[in-house]
Novice: 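Structure below; questions to follow.
Quick caveat, the model's predicted, so the values are computed rather than measured.
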Amino acid sequence: MPLEYLGLPPVASDRQARPLSPAVRAGDFVYVSGQVPVGADGELVVGGIEAQTRQVMDNIRAALALAGAGFEDVCKCTVWLQDARDFGAFNRIYMGYFPDGKPARSTTEARLMIDAKVEIDVIAYKPKA
């Protein structure tokens with residue numbers, strides 16, 4: 001089964017398209033690229049870890065929707081936090097997106113490629129109808 005590249009490459013604040021797909025379907029699995037807290041205009045959302053986590057999760061929701069999937073289909077998340085001290089505040093927001101089932105998750109502290117506080121990628125299992 002061929003790979004399906006879903007969505008258009010994101011455009012950053014410099015108006016240059018990034019060399020990635022928001023999501024890729026490989027059979028029944030959907031791989032969502034690392035999402036950072038930028039709005040549709042490519043600008044970084046301000047307001048701390050809570051606001052940035054909400055924006056990242058909204059971006060993930062949109063990428064999952066490209067494959068007809070949702071948070072209920074997510075089986076694995078990888079999280080990068082710019083500052084481990086944000087872990088508690090991050091978790092308070094993150095938990096609200098997975099009320100019925102908690103996917104497997106890895107979380108680490110890392111310097112991110114942009115001046116953001118959080119980046120998340122996910123893998124979802126969503127068989128094609």
Novice: Using side-chain heavy atoms (C-beta onward) and a distance below 4.5 Å, is D28 in contact with K126?
Specialist: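 No, side chains not in contact.
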
Novice: CD/E4 to NZ/K128 distance, rounded to the nearest 0.5 angstrom?
Specialist: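 Separation between the atoms: 3.5 Å.
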
Novice: With sequence neighbours excluded, what pairs up with T108 under the side-chain hydrogen bond (donor to acceptor under 3.5 Å, both in side chains) test?
Specialist: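 side-chain hydrogen bond (donor to acceptor under 3.5 Å, both in side chains) check on T108 returns nothing, list empty.
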
Novice: Please report, to 0.1 Å, the donor-acceptor pairs under 3.5 Å made by any side chain of residues 32-40, with sequence neighbours excluded.
Specialist:
unit_1 : atom_1 : unit_2 : atom_2 : d
S33    : OG     : S21    : O      : 2.5
Q35    : NE2    : S33    : O      : 3.0

Novice: Check side-chain hydrogen bond (donor to acceptor under 3.5 Å, both in side chains) between Q55 and all other residues, then give those that pass, not counting sequence neighbours.
Specialist: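 Counting only residues at least two positions away or on another chain, Q55 forms a side-chain hydrogen bond (donor to acceptor under 3.5 Å, both in side chains) with N59.
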
Novice: Do L66 and P22 make a side-chain contact, defined as non-hydrogen atoms from C-beta onward lying under 4.5 Å apart?
Specialist: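 Of all side-chain heavy-atom pairs linking P22 with L66, at least one is under 4.5 Å.
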
Novice: What distance do Q82 atom CD and I114 atom CD1 have between them, rounded to the nearest 0.5 Å?
Specialist: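 Reported to 0.5 Å precision, the distance equals 11.5 Å.
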
Novice: Test of understanding: with salt bridge (Lys or Arg N to Asp or Glu O under 4.0 Å), list the residues that count as partners of R105, not counting sequence neighbours.
Specialist: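 If we apply the salt bridge (Lys or Arg N to Asp or Glu O under 4.0 Å) test to R105, skipping adjacent residues, there are no hits.
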
Novice: Provide the full list of ring pair (Phe, Tyr, Trp, His ring centres under 6.0 Å) pairs with a residue in residues 32-53, sequence neighbours left out, each pair given once.
Specialist: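 Those involving residues 32-53 do not exist here.
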
Novice: I'd like to check the side-chain contact (heavy atoms from CB on, under 4.5 Å) partners of L81; sequence neighbours left out, ordered by chain and number.
Specialist: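 Checked L81 against side-chain contact (heavy atoms from CB on, under 4.5 Å); matches are I49, V79, F87, F90, T107, V118.
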
Novice: Distance alone, cut at 3.5 Å: any donor-acceptor contact between the side chains of K117 and T53?
Specialist: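 The criterion, which ignores hydrogens and geometry beyond distance, is not satisfied for T53 and K117.
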
Novice: Could you list the residues that satisfy side-chain contact (heavy atoms from CB on, under 4.5 Å) with A51, not counting sequence neighbours?
Specialist: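 A51 satisfies side-chain contact (heavy atoms from CB on, under 4.5 Å) with V45 only.
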
Novice: Flag yes if V30 and M57 sit in one hydrophobic cluster, no otherwise; membership is Ile, Leu, Val, Met, Phe, Trp, Tyr, and two members link when side-chain heavy atoms are under 4.5 Å apart.
Specialist: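 Linked, V30 and M57 end up in one cluster.
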
Novice: Nearest 0.5 angstrom please: K76 NZ to Y31 OH, how far?
Specialist: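 Reported to 0.5 Å precision, the distance equals 12.0 Å.
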
Novice: Name all pairs fulfilling the ring pair (Phe, Tyr, Trp, His ring centres under 6.0 Å) condition that reach into residues 103-129, sequence neighbours left out, sorted by first residue then second.
Specialist: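 Ring pair (Phe, Tyr, Trp, His ring centres under 6.0 Å) check on residues 103-129 returns F29-Y125.
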
Novice: By side-chain contact (heavy atoms from CB on, under 4.5 Å), which residues pair with E50, not counting sequence neighbours?
Specialist: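 E50: side-chain contact (heavy atoms from CB on, under 4.5 Å) contacts with R54, A89, I93.
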
Novice: How would you list, by chain and number, every residue that makes a side-chain hydrogen bond (donor to acceptor under 3.5 Å, both in side chains) with E72, sequence neighbours excluded?
Specialist: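 In terms of side-chain hydrogen bond (donor to acceptor under 3.5 Å, both in side chains), with neighbours along the sequence ignored, E72 is linked to no residue.
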
Novice: Would you confirm whether D73, through its side chain, and G70, through its main-chain N or O, come within 3.5 Å as a donor-acceptor pair?
Specialist: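 Indeed, once roles are kept as given, a pair shorter than 3.5 Å links the two residues.
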
Novice: Tell me which pairs pass ring pair (Phe, Tyr, Trp, His ring centres under 6.0 Å) where either residue lies in residues 44-84, with sequence neighbours left out.
Specialist: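 For residues 44-84: F71-Y97, F71-F98.
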
Novice: Could you work out, with salt bridge (Lys or Arg N to Asp or Glu O under 4.0 Å) as the rule, every residue matching D58, not counting sequence neighbours?
Specialist: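 In terms of salt bridge (Lys or Arg N to Asp or Glu O under 4.0 Å), with neighbours along the sequence ignored, D58 is linked to R61.
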
Novice: Could you measure the distance from the CE atom of M113 to the CZ atom of R111? Nearest 0.5 Å is fine.
Specialist: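 Here the interatomic distance stands at 8.0 Å.
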
